[in-house]
Engineer: 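Below: one structure in structure tokens.
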There are 2 protein chains.
Amino acid sequence: MENGHATTHGPAEEIAGRLALAIHEHRLAPGTKLSEDELGAIYGVSRTVVRAALQRLSHERLITLRRNRGAFVAQPTIREAREVFEARALLEPRTARSAAERATPADIARLQAHIDEEHRAMSAGHAGLALRQSGLFHQEIARIADQATVAEFIGQLVARSSLIIALYWQRRAALCESHAHHALLTALADHDGDRAEELMKGHLLDLVSSLDLRSLPSAPRSLREALGA
Amino acid sequence: MENGHATTHGPAEEIAGRLALAIHEHRLAPGTKLSEDELGAIYGVSRTVVRAALQRLSHERLITLRRNRGAFVAQPTIREAREVFEARALLEPRTARSAAERATPADIARLQAHIDEEHRAMSAGHAGLALRQSGLFHQEIARIADQATVAEFIGQLVARSSLIIALYWQRRAALCESHAHHALLTALADHDGDRAEELMKGHLLDLVSSLDLRSLPSAPRSLREALGA
DNA sequence: TTGGACAAGGTTGTATACAATCCTGTCGCC
DNA sequence: GGCGACAGGATTGTATACAACCTTGTCCAA
């Protein structure tokens with residue numbers, strides 16, 4: 001129910017979810033090594049289960065699996081970052097339009113709750129948690145559009161965006177998403193598909209603008225790159 | 001190189017690829033049970049490796065993993081079928097436009113090769129192989145557009161479409177894709193983005209039209225459904 | 001001093017063993 | 001005869017053991 005994933009829930013899914021949340025909230029930095037033994041000890045399961053969880057996250061591009069080396073929190077390249085937001089630009093605006101046409105009062109309430117949580121987290125200084133709520137806002141819109149397949153893609157893209165923000169966000173940019181989210185919410189509540197689509201498009205462009213995709217990542221992918229040749 | 005998947009290749013990837021191909025070519029019918037022991041015996045590996053492959057395919061929605069029950073070739077519902085083609089409608093037309101703007105003569109040649117293979121397979125009566133080539137045509141366009149992230153999504157959607165066709169294709173529909181593909185190829189060769197986008201949109205609509213998404217699946221998901229209450 | 005070869009330690013890759021769960025056929029009872 | 005409980009067999013879920021590989025530190029030779 002919570003996850004929407006088709007089949008049954010196993011311990012591996014549970015662990016994958018916890019790790020995904022930690023990555024999403026920036027508690028695990030890009031590049032962090034995820035040792036199988038260590039994770040097994042933490043969660044009280046064997047490496048078998050941990051490996052299943054890691055494989056899953058690898059497929060979602062949240063971690064990178066390198067053969068005989070282990071698992072690392074992913075470090076999207078600048079190119080990947082651009083691609084992720086181009087994919088979002090393809091999917092989310094028209095999904096927002098569909099959502100506007102279908103949104104019920106209960107849906108609007110759920111969206112408002114995410115905005116509230118985002119505000120609260122930001123006030124409390126939990127930027128990671130605020131980002132998480134912001135991501136849930138986007139996923140909720142996809143869910144309202146009643147397109148599970150697209151929603152799944154968007155969920156994955158949102159998660160990867162969190163990694164991208166961790167690497168490329170330039171602090172001077174405001175990243176005050178709740179403003180844009182509030183405008184979107186209003187459009188959805190008014191069932192104004194045109195405006196919702198346009199707002200989402202602009203919101204995604206703003207997001208990309210708040211990134212610095214010209215310079216090197218703030219936590220560089222390789223020492224060679226970091227130290228300049 | 002062949003797969004484009006980021007990291008290294010293991011035996012599990014190999015097996016997953018072979019199974020995916022078999023599903024894509026309709027050599028494995030929707031609903032078929034995939035026993036771990038059996039697959040392990042076939043490919044000469046232990047269940048550990050088989051399980052990794054199955055997990056991967058499960059995430060691509062090509063198979064369904066049911067806890068304590070095993071793995072089965074997926075049987076997309078009518079709803080899922082619609083969603084998959086709606087997602088494709090969101091992604092592929094604009095990707096075709098990008099591809100038209102970037103296509104090189106070598107790209108065109110590769111696309112032509114897929115069309116030729118599709119023809120040859122169809123003439124030889126290998127409908128499954130023809131369908132596979134048709135899918136590769138779509139994936140190749142995504143690759144030409146130079147959007148790896150979107151291309152990955154499209155690849156997954158194309159694979160799922162193959163399952164959908166296996167379940168819902170109505171024989172009376174021609175499904176002569178090579179015609180539409182040839183027109184697309186011409187638009188791409190002419191760098192005519194507008195036409196490519198429009199052609200792809202129409203092609204996808206034709207595809208949906210060739211399906212029967214009103215009736216029950218030809219290989220029904222459950223006996224209860226098949227025998228009517 | 002510098003360079004490569006080598007060995008020790010640790011981590012991942014795979015196979016196997018055991019436990020838990022499900023399916024199915026049979027038996028007993030109503 | 002029909003229905004429910006139960007047991008046997010089979011399959012999956014998980015843990016553990018061993019093999020393969022990478023990393024890294026040390027040693028020796030140039």
Side-chain angles (χ1 to χ4, degrees), chain A residues 3 5-19 28 31-75 220-227, chain B residues 3 5-19 28 31-75 220-227:
Chain A
N3 190 341
H5 247 293
T7 57
T8 49
H9 259 250
E13 307 282 323
E14 176 72 24
I15 292 174
R18 286 173 188 267
L19 286 173
L28 280 173
T32 305
K33 162 131 200 207
L34 301 173
S35 154
E36 298 181 355
D37 275 323
E38 202 169 345
L39 290 175
I42 289 171
Y43 293 114
V45 296
S46 81
R47 283 177 50 217
T48 308
V49 179
V50 172
R51 281 178 76 86
L54 292 178
Q55 265 191 305
R56 184 198 165 95
L57 294 174
S58 159
H59 203 155
E60 289 173 14
R61 296 274 195 263
L62 257 58
I63 70 174
T64 301
L65 240 41
R66 288 195 291 181
R67 195 168 177 81
N68 290 318
R69 305 273 176 82
F72 303 82
V73 178
Q75 294 178 312
R221 125 173 349 254
S222 77
L223 269 296
R224 182 169 312 151
E225 227 175 317
L227 305 176
Chain B
N3 188 338
H5 245 292
T7 57
T8 49
H9 259 249
E13 308 281 324
E14 176 72 22
I15 292 174
R18 285 173 190 268
L19 286 173
L28 280 173
T32 305
K33 163 130 202 206
L34 301 173
S35 153
E36 297 181 356
D37 274 323
E38 202 169 344
L39 290 175
I42 289 171
Y43 293 113
V45 295
S46 80
R47 282 177 50 216
T48 309
V49 178
V50 173
R51 280 178 76 85
L54 291 177
Q55 269 191 302
R56 184 198 165 97
L57 293 174
S58 157
H59 202 157
E60 289 173 13
R61 295 276 195 265
L62 257 59
I63 69 174
T64 300
L65 241 39
R66 289 196 291 180
R67 192 168 180 82
N68 290 320
R69 306 271 175 85
F72 303 82
V73 178
Q75 295 178 312
R221 129 174 345 256
S222 78
L223 270 294
R224 180 170 315 152
E225 227 173 318
L227 305 177

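Reminder, nothing fancy here: chain letters follow the sequence lines and each chain counts from 1.
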Engineer: Nearest 0.5 Å, what's the CG-CZ distance between A:N68 and A:R66?
Structural biologist: 11.5 Å
Engineer: Check whether any side-chain heavy atom of B:R18 sits under 4.5 Å from a side-chain heavy atom of B:Y43, and report yes or no.
Structural biologist: yes
Engineer: Give, ordered by number, those residues of residues 35-49 of chain B having at least one heavy-atom distance below 4.0 Å to an atom of DNA chain C; if nothing qualifies, reply none.
Structural biologist: B:V45, B:S46, B:R47, B:T48, B:V49
Engineer: Calculate the interatomic distance between A:N68 atom CG and D:dA19 atom C1'; express it in whole Å.
Structural biologist: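 Nearest whole value for this atom pair: 11 Å.
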Engineer: How close do B:H59 and A:R56 get, heavy atom to heavy atom, and via which atoms?
Structural biologist: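 Looks like CE1-O, 3.7 Å.
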Engineer: Atom CG of A:L57 and atom CG of A:L34: how far apart are they, to the nearest 0.5 Å?
Structural biologist: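 The CG atom of A:L34 is 8.5 Å from CG of A:L57, to the nearest 0.5 Å.
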Engineer: If you compare all heavy atoms of B:R67 against all heavy atoms of A:P11, which two are closest, and at what distance to 0.1 Å?
Structural biologist: NH2-CD, 3.6 Å
Engineer: Tell me: CG of A:L65 to C1' of D:dC22, nearest whole Å?
Structural biologist: 15 Å
Engineer: For residues 44-54 of chain A, dump all side-chain donor-acceptor pairs below 3.5 Å to protein atoms at least two apart in sequence or in another chain.
Structural biologist:
residue, atom, partner, partner atom, Å
A:S46, OG, A:T48, N, 3.2
A:S46, OG, A:T48, OG1, 3.4
A:R47, NE, A:E36, OE1, 2.9
A:R47, NH2, A:E36, OE1, 3.0
A:R51, NH1, A:E36, OE1, 3.4
A:R51, NH1, A:E36, OE2, 2.8

Engineer: Of all heavy-atom pairs between A:A71 and A:L65, which one has the smallest distance, and what is that distance?
Structural biologist: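 Minimum heavy-atom separation between A:A71 and A:L65: CB-CD1, 3.4 Å.
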Engineer: May I ask you to evaluate whether A:K33 reaches the phosphate of D:dC22, defined as a side-chain N or O under 4.0 Å from OP1 or OP2?
Structural biologist: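 No, outside the criterion.
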Engineer: So does A:R69 get a side-chain nitrogen or oxygen closer than 4.0 Å to the phosphate oxygens (OP1/OP2) of D:dT23?
Structural biologist: yes
Engineer: Kindly write out the residues that satisfy side chain to side chain donor-acceptor pair (under 3.5 Å) with B:S35, not counting sequence neighbours, or none if the list is empty.
Structural biologist: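 With neighbours one apart ignored, the set is empty.
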Engineer: Just verifying a value: how many Å separate B:I63 CD1 and B:T32 OG1, rounded to the nearest 0.5 Å?
Structural biologist: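 It is 11.5 Å, given to the nearest 0.5 Å.
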Engineer: Quick one: how far along DNA chain C does chain B reach, first to last nucleotide 5' to 3', anything under 4.0 Å to a heavy atom?
Structural biologist: C:dT14 to C:dC23
Engineer: Could you tell me how far apart B:R66 (CZ) and D:dG13 (P) are, to the nearest whole angstrom?
Structural biologist: 12 Å
Engineer: For a 4.5 angstrom cut-off between non-hydrogen side-chain atoms, does B:L39 reach B:L19?
Structural biologist: yes
Engineer: Can you sort out the partners of A:E38 under side chain to side chain donor-acceptor pair (under 3.5 Å), two or more places apart, ordered by chain and number?
Structural biologist: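 Listed in chain order: nothing, the list is empty.
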Engineer: Write down the protein N/O and nucleotide N/O pairs, taken from nucleotides 6-8 of chain D, whose separation is under 3.5 Å; answer none if there are no such pairs.
Structural biologist:
none

